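Quick notes on the structure that follows.
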Protein chains: 2
Amino acid sequence: MPVRAKAATTTLGYALLGLLAREERSGYELTHALKNPVGYFWFAQHSQVYPELARLETAGLVAYTLVEQSDRPDKKVYRLTDAGRAALRAWLNDATEPPRKRDELVLKAYSIWLADPTAAAQMMREHAQTHLAHLAEFQSGLSRLEQEAGETLWQPESPWFGVHAVLRRGIGYEREYSDWCEWLAQCLEGTQEAAR
Amino acid sequence: MPVRAKAATTTLGYALLGLLAREERSGYELTHALKNPVGYFWFAQHSQVYPELARLETAGLVAYTLVEQSDRPDKKVYRLTDAGRAALRAWLNDATEPPRKRDELVLKAYSIWLADPTAAAQMMREHAQTHLAHLAEFQSGLSRLEQEAGETLWQPESPWFGVHAVLRRGIGYEREYSDWCEWLAQCLEGTQEAAR
DNA sequence: CCACATTATGTTAGTTATGACATATGTTTA
DNA sequence: TAAACATATGTCATAACTAACATAATGTGG
């Protein structure tokens, strides 16, 4: 059974290492990569990314090369060191706590009996739409991945496999979320017979 | 379209108000209530609850009565004020951002191509079990609710309806999560033909 | 009888995360 | 021509959150 060892960095640090394990990137690029699809399950703003990169560098887990640019501001391109790769691998073996979720909409659902049912139903319908839109994004991401990666997206040693796994999670999550919103909307409208 | 108004308190504050809208509770009881089922989507420790209650009291959203006990330490029993109920209702109409998820296991999945597939598969199987256990808890919670609440759990004006909604979300979430873990484990073991 | 758990309420130090401020260059759009 | 946008890297004040410290009464099990 894996044991939770003393961490070499924060979880955000491992997120950055996981990105750099695939290719070299600047802080700016890492910040943008912390959107779709990884960032959909771990996110940060540049104000967190830059200091974290500095810490990772001090810890010897990443190194950077200053790239001078004439047309744009210069940038620091970071890469994973051997120590960084080892730390990332070690983290994968550590025990992981199930996520502690904080979801304001579910919290509102708990008090929804105090709200106007018609307005609440409309609100839930809007959220259903939002999550359907996210679902569509993930699904088209998976389609693109199938084009790009082919069979390698099923091979556990391939970096594409990691993207595949995250996209699958996103697809399941968004589908379930949107179904729940829709179910709740129907209950609120009193057309819940169909939903039972 | 609902607009995000200036908040009267933090989200944790609304969680506490939502609990107090149902019945009077002490800080200690609120902390424990911030487990199943509400707390499964919003949690806090007592070190956050007590100061937040003090702030809510200063803001006039809750009031308390000191209950002296001989066999146990005295306690402060908090109740919702009219202003508190109004603030809670107003919050329900505010726009809600979709939750920004932070899930370390999904983050690990992104880098899982660097791990030993056999060990990783075992890890995912353990997580599948954890989420199946949570699923069972939610399902038995729903069964108990059906006994207690009867038809009222389908009525949008009933406090039970809020519990019902949260439990439904929990059931869907945990089922989906556990399915994903299982799917990923099969992929890692190379028995993914069944999973495609 | 000692250790531990439960009830009960707080504080404090530290970490993590957010939103705004700050600066600089070049390109595109209205 | 002015404004907005993209690239690029940082800082800072505050807010939110965690883990540990602190206290105190009673009940329970070994």
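Treat the numbers as computed from the prediction; the structure is a model and nothing was measured. As a basis for the values below, the full set of heavy atoms in this structure was taken, side chains included, without hydrogen atoms, waters or symmetry mates. Protein chains get the first letters and strands the later ones, always in sequence-line order, with residue 1 at the start of each.
Other members of the hydrophobic cluster containing Y50(A), listed by chain and number, are Y28(A); membership follows side-chain contacts under 4.5 Å among ILVMFWY residues, whether direct or relayed.
Projected onto DNA chain D by closest heavy-atom contact, E29(A) and P73(B) fall at different nucleotides, the more 5' of which corresponds to E29(A).
A side-chain donor from one of T10(A) and E52(A) sits under 3.5 Å from a side-chain acceptor of the other. A side-chain donor from one of T65(B) and R79(B) sits under 3.5 Å from a side-chain acceptor of the other. No side-chain donor from either of Y177(A) and E176(B) sits under 3.5 Å from a side-chain acceptor of the other. Judged purely by distance below 3.5 Å, without hydrogens or angles, the side chains of W160(A) and E146(A) never pair a donor atom with an acceptor atom.
Taking atom CZ of residue R102(B) and atom P of nucleotide dT15(C), one finds them 18 Å apart after rounding to whole Å. Following rounding to the nearest Å, R100(B) (CZ) and dT16(C) (C1') show an atom-to-atom distance of 14 Å. One can place CG of D71(B) at 12 Å from P of dT7(C), the figure rounded to the nearest angstrom. The interatomic distance linking R72(A) (CZ) with dT27(C) (P) rounds to 9 Å, in whole Å. The NZ-P distance, from K75(A) to dT25(C), rounds to 19 Å in whole Å.
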Give me the distances for all protein-to-nucleotides 3-5 of chain C N/O pairs that come in under 3.5 Å?
none

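Between Y173(A) and Y40(A), the distance from one ring center to the other does not fall under 6.0 angstrom. Taking the six-membered ring for Trp, W113(B) and F161(A) have ring centres at least 6.0 Å apart.
Listed by chain and number, the residues in a side chain to side chain contact (heavy atoms under 4.5 Å, CB included) with E137(A) are H134(A) (sequence neighbours excluded). Every residue two or more places apart in sequence or in another chain that forms a side chain to side chain contact (heavy atoms under 4.5 Å, CB included) with L19(A) is listed here: R25(A), L30(A), A33(A), L34(A), V38(A), Y110(B). Under the rule for a side chain to side chain contact (heavy atoms under 4.5 Å, CB included), A133(B) has no partner lying at least two apart in sequence or in another chain. Every residue was checked against the side-chain hydrogen bond (donor to acceptor under 3.5 Å, both in side chains) condition with T11(B), not counting sequence neighbours, and none meets it.
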Using Watson-Crick and G-U wobble pairs with both distances under 3.5 Å, what is the 5'-to-3' dot-bracket string of DNA chain C, with [ ] for crossing pairs and | for pairs outside the strand? ||||||||||||||||||||||||||||||
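How far CZ of F41(B) is from CG of D103(A): 7.0 Å, rounded to the nearest 0.5 Å. Taking CG of L61(B) as the start and CG of L88(B) as the end, the distance is 9.5 Å to the nearest 0.5 Å. A distance of 8.5 Å separates CG of L167(A) from CZ of R144(A), quoted to the nearest 0.5 Å.
A heavy atom closer than 4.0 Å to some atom of DNA chain C occurs in no member of residues 54-67 of chain B. Taking a 4.0 Å limit (strictly below) on heavy-atom distances, residues 19-27 of chain A does not reach DNA chain C anywhere. Using a 4.0 Å cut-off on heavy atoms, the residues of residues 44-53 of chain A that approach DNA chain D are H46(A), S47(A), Y50(A), listed by number.
Legend: ring-ring contact (aromatic ring centres under 6.0 Å, His included) pairs involving residues 61-83 of chain A, not counting sequence neighbours, sorted by first then second residue: Y64(A)-Y78(A).
Grouping the Ile, Leu, Val, Met, Phe, Trp and Tyr side chains by contacts below 4.5 angstrom, directly or via other members, places W183(A) with L145(B).
A cation-pi arrangement is present between R102(A) and F43(B), with the terminal nitrogen or guanidinium carbon under 6.0 Å from the aromatic centre and inside a 45° cone about the axis.
Ring geometry, H164(B) versus W154(B): the interplanar angle exceeds 60°, so the pair is classed perpendicular (tilted spans 30 to 60°).
Close approach of DNA chain D to chain A, defined as any atom under 4.0 Å from a non-hydrogen atom of the protein, starts and stops at dA6(D) to dT18(D).
Of all nucleotides listed (dT18(C), dG10(C), dA8(C)), dG10(C) comes nearest to the side chain of Y78(B).
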